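The block underneath contains the structure these notes are about, expressed in structure tokens.
All figures in this text were calculated on a predicted structure; none of them were measured in a lab.
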Amino acid sequence: MGQRERMKTTFFSGNCGLVIALVIVLTVTMDAPSLRAQVEEHFRLGTQAMARGEFEQASREFETVIRERPEFSEAHFNLGLAHEQLGRMQDAVQDLRQALRLNPTLRGANLFLGIAYYKLNDFSSAREAVQRELKANPKDPQALMWLGVIELADGRPEAAVTFLDKAAEISPKDIDILYHRGRAHLLASKKSYQQMFDLDPKSWRVHQVLAQAYADSERYQDAVAEYQRAIQIAPNEPSLNQGLGDAYRMSTQLEKAEQSYTRELEIDAQNLMAMYSLGQIRVERDNGAQAIPLLEAVLKVNPAFSDARYYLGRGLAETGQNEAAEQQFQQVIKQSSDSELIQRSYYQLGRVYRALKRPQDAQAAMQEFQRMKQAADASEAGKLEERKKAHAEQVPEKNR
């Protein structure tokens, strides 16, 4: 009679702050006459020691098992994991390779062999090992992630992006995958920008990229300076003045933003975003009369652009066209999915109804505005409380 023992244990492997938990379920079939009780006991003690993080003891137990059962591939595998945790990477490589010689289909063995090679800075061997794991398990997100990490370490961020994007698609909530994916994209972008700079340091494209990076980091004055340098080199290039206008607007320099958007439309009269932004600023600067034609032109091309419709309503109200303004705000409420925009539209409707001497409608609109505002405030307070609670749960009690 054969004896079957099912063993389940959790092993950990980490690098650069990255920790992977791999749950390995081993189903071992051995003939009872040849499997002595002490071998079973050593294997059990080894797996328990691994689970407790006592890797020296685990390695001793698995070494004892291997002396008695040298053909037991899972024992070589677990010994390799223990050696990897102890930082004995050369030993780990030997153990894992032996496990694979005995059982080439042993799941996870090529992955951890690749990790061991990676820690030895042997990126070529690491890549080959993890690729073998992926060939057997092409949708394993951890194998895809580690292949991306290896490519990053080998100075190949573009290749890393491919694997890390696939890993994120399979496991979209894995923080480690997202971290390495973001890093890969950042390094690939930096490499591309450096190549641009090396090819032509005076290119307007280089200044445009720098400006966009500064704007993304909310360094709007630096963004302005880079856009101005780009425009000096390429004064008639579309989109540069729009970017400059956006940077001015975010730094509340509305007059300069208006000038930039106007210049953009002189270069590219069909630029809808520049048209909308210019119309928005003119409304905010109490120049609804000049904003209306711009916003109407935007809505003619894109009738679903609710923000443009909202500012058209405000422009119409500023110029005394209250019935037309009412229609625009009602349309925003009907078509928009943005609760904040709907809330602001109710507020503007209240003002329009007062101007139209419709007090009951004005009261109803303001009541709806207040209801939505209170609901939004309560929701935000609830989210803040949840964040505080989550933070408190993450902080050890002794540090509170």
Side-chain angles (χ1 to χ4, degrees), residues 2-120 122 125-126 129-130 132-133 136-137 140-143 145-146 149 174-176 396 398:
Q3 180 177 347
R4 175 163 294 200
E5 182 177 12
R6 195 168 182 82
M7 301 178 182
K8 182 177 179 181
T9 194
T10 303
F11 306 121
F12 300 90
S13 178
N15 181 71
C16 301
L18 169 65
V19 177
I20 294 177
L22 175 64
V23 177
I24 300 174
V25 179
L26 303 179
T27 302
V28 185
T29 303
M30 298 180 183
D31 293 332
S34 63
L35 181 58
R36 295 181 304 190
Q38 65 180 31
V39 174
E40 292 186 44
E41 181 66 8
H42 286 299
F43 193 92
R44 185 182 66 80
L45 291 173
T47 57
Q48 289 179 349
M50 287 288 283
R52 295 194 301 271
E54 297 172 1
F55 303 114
E56 284 285 6
Q57 181 186 343
S59 66
R60 289 193 296 270
E61 300 294 347
F62 292 129
E63 285 168 354
T64 300
V65 173
I66 290 168
R67 280 195 296 271
E68 297 295 331
R69 293 285 303 201
E71 76 282 8
F72 189 3
S73 61
E74 287 86 352
H76 289 280
F77 182 24
N78 289 1
L79 179 59
L81 295 179
H83 282 156
E84 196 166 310
Q85 289 295 338
L86 292 167
R88 294 160 58 180
M89 295 305 154
Q90 293 289 0
D91 291 336
V93 165
Q94 292 179 15
D95 300 326
L96 293 164
R97 290 185 64 175
Q98 180 62 17
L100 285 162
R101 276 192 287 267
L102 293 166
N103 183 0
T105 63
L106 189 56
R107 182 157 189 172
N110 274 301
L111 172 59
F112 281 94
L113 177 60
I115 294 171
Y117 276 129
Y118 164 82
K119 293 178 180 178
L120 289 168
D122 185 349
S125 297
V130 180
R132 287 194 296 271
E133 185 73 31
N137 306 291
D140 183 341
Q142 297 300 330
M145 184 197 73
W146 271 102
V149 171
D174 188 305
I175 297 296
D176 294 319
K398 63 181 181 180

Tell me the closest heavy-atom pair linking Met50 and Leu81, and the distance in Å.
CE-CB, 3.7 Å
At what distance, to the nearest 0.5 angstrom, does NE2 of His42 lie from CD1 of Ile66?
12.5 Å
What residues, two or more places apart in sequence or in another chain, satisfy side-chain contact (heavy atoms from CB on, under 4.5 Å) together with Ala92?
His83, Glu84, Ala116
Is it true that, when you exclude Arg132 itself, more than 12 heavy atoms of the residues, nucleotides or ligands shown sit nearer than 6.0 Å to its CZ?
yes
Any donor-acceptor pair under 3.5 Å linking the side-chain atoms of Glu74 with those of Asn103?
no
Beyond-backbone contact of Tyr117 with Val130, side-chain heavy atoms, under 4.5 angstrom
no
Can Arg101 and Gln98 be counted as having a side-chain donor-acceptor contact under 3.5 angstrom?
yes
Separation between CZ of Phe72 and CG of Leu79, rounded to the nearest 0.5 Å
12.0 Å
Could you check Leu100 against Phe77 for side chain to side chain contact (heavy atoms under 4.5 Å, CB included), going step by step and ending with a plain yes or no?
CA-CA 8 Å; Leu100 285 162; Phe77 182 24; over 6 Å; no
Side chain to side chain contact (heavy atoms under 4.5 Å, CB included) for Phe43 and Arg69? Distances and angles first, verdict last.
CA-CA 11 Å; Phe43 193 92; Arg69 293 285 303 201; over 6 Å; no
For Ala58 and Gly46, work out which heavy atoms get closest and say how close.
CB-O, 3.6 Å
Pro70 versus Leu102, closest heavy-atom pair with distance
O-CD1, 3.6 Å
Check Ala129 against Asn110 and note the closest heavy-atom contact, atom names and distance.
O-CB, 3.3 Å
Listed partners of Arg88 passing salt bridge (Lys or Arg N to Asp or Glu O under 4.0 Å), at least two apart
Asp91
Tell me, do Gln142 and Asp174 make a side-chain contact under 4.5 Å, heavy atoms counted?
yes
Atom OG1 in Thr64, atom CG in Leu45: separation rounded to 0.5 Å?
9.5 Å
Smallest separation among heavy atoms of Ser73 and Leu106, with atom names:
O-CD2, 4.1 Å
Salt bridge (charged side-chain N to carboxylate O under 4.0 Å, His left out): pairs with one or both residues in residues 54-63, sequence neighbours excluded:
Arg52-Glu54
Quick one: closest heavy-atom pair of Ala143 and Leu111, and the distance?
CA-CD1, 3.9 Å
Main-chain N/O of Arg107 paired to Glu133 side chain as donor or acceptor, under 3.5 Å:
no
